Amino acid sequence: IQLVESGGGVVQTGGSLRLSCAELSGFSFDDYTIGWFRQAPGKGRQGIASITHKDGKTWYADSVKGRFTISSDNAKSTVYLQMNSLNSEDTGYYFCALDYTNPGQLLWLDYHYDHWGRGTQVTVSS
C-alpha cells in the first residue's frame, strides 16, 4: 500500500484548496477506510475527515464540518479533501491514511490506521 498526498500550498484566509490522496500500489480489498489527518505545529495528528470505500459513508470533525468535503474516485484510487473557507487554524501538515482491518467503519483516531502517506503542507496566511 502506497499513499501519496498532493495539493497543499499557501492560501489566503477564506481561500480554498483541494488535497488528493492517491493509492499507487493497486492493492485490492473489498472495503477499507481512508482518513485525513492534520498536524498543527507542536501538536499531534487530529482526524478531520474519513470515508469508507464501499458505500462512501463520511465523517467530519466539528472544526471542519460545513467547510471541508471528503470524496473518492474509486476508478482513480484517489480520495479528495476539498477545503473551503480556510482560516489560520487550518494550517498544518495534512496526511491521509488507510485501514482495511475494520471494513465499513468510519475511523478518526490515528492508531486505527497502519498505512500513511508522507503528507502535504497547508499554510493559511492572513
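This structure is a prediction, so every number in the text was calculated from the model and none was measured.
Nearest heavy-atom pair across Asp31 and Gly104 is OD2-N, 3.1 Å. The two residues Gly47 and Ala61 make their nearest non-hydrogen contact at O-CB, 3.5 Å. Residues Ser20 and Thr78 approach most closely at CB-CG2, 4.1 Å, considering heavy atoms. Listed here is the closest heavy atom pair of Trp59 and Ile48: CZ3-C, 3.7 Å. In terms of heavy atoms, Asp62 sits closest to Lys65 at OD1-NZ, 3.1 Å. The two residues Glu5 and Thr120 make their nearest non-hydrogen contact at CB-CG2, 4.0 Å.
Residues Thr52 and Lys54 are not in side-chain contact: their nearest non-hydrogen atoms beyond the backbone lie 4.5 Å or more apart. You'll find the side chain of Gln121 reaches within 4.5 Å of the side chain of Thr91, heavy atoms only. Between Thr33 and Tyr113, the closest side-chain pair of non-hydrogen atoms falls below 4.5 Å. For the pair Phe29/His53, no side-chain contact is recorded, criterion being any heavy-atom separation below 4.5 Å from C-beta on. Considering only heavy atoms from C-beta on, Arg38 comes within 4.5 Å of Val64 through its side chain.
Tyr111 and Leu106 fall within a single hydrophobic cluster, where Ile, Leu, Val, Met, Phe, Trp and Tyr are joined by side-chain heavy atoms under 4.5 Å apart, directly or via other members. Hydrophobic clustering places Ile1 together with Ile34 (ILVMFWY residues linked when any side-chain heavy atoms are closer than 4.5 Å, directly or through intermediates).
Residues Trp116 and Phe37 place their aromatic rings such that the two centres sit under 6.0 Å apart.
How far CZ of Arg18 is from CZ of Phe68: 14.5 Å, rounded to the nearest 0.5 Å. Atom CG in Leu81 sits 10.0 Å away from atom SG in Cys21 (nearest 0.5 Å). Within the model, atoms OH of Tyr100 and CZ of Phe27 stand 8.5 Å from one another, a figure rounded to the nearest 0.5 Å. Summarising the geometry, atom CG belonging to Leu107 is positioned 7.5 Å from atom OG1 belonging to Thr101; distances are rounded to the nearest 0.5 Å. For the atom pair OG (Ser25) and CG (Leu3), the distance works out to 8.0 Å, reported to the nearest 0.5 Å.
A donor-acceptor pair is defined here as one N or O able to donate and one able to accept, closer than 3.5 Å; such a pair exists between the side chain of Tyr60 and the backbone of Ile70. Although no hydrogens or angles enter the test, the distance criterion places a donor-acceptor pair under 3.5 Å between the side chain of Glu23 and the main chain of Gln2. A side-chain donor-acceptor contact under 3.5 Å links Thr13 to the backbone of Ser125.
Under the rule for a salt bridge (charged side-chain N to carboxylate O under 4.0 Å, His left out), the partners of Arg67 that lie at least two apart in sequence or sit in another chain are Asp90. Contacts of Asp114 classified as salt bridge (charged side-chain N to carboxylate O under 4.0 Å, His left out), with partners at least two apart in sequence or in another chain: none.
No more than 12 heavy atoms of other residues, nucleotides or ligands lie within 6.0 Å of NZ in Lys76, so this atom counts as exposed by the packing criterion.
Side chains of Ser16 and Asn84: a donor on one and an acceptor on the other come within 3.5 Å.
If you run side chain to side chain contact (heavy atoms under 4.5 Å, CB included) between Leu19 and each of Tyr80, Phe95, Trp36, only Trp36 comes through.
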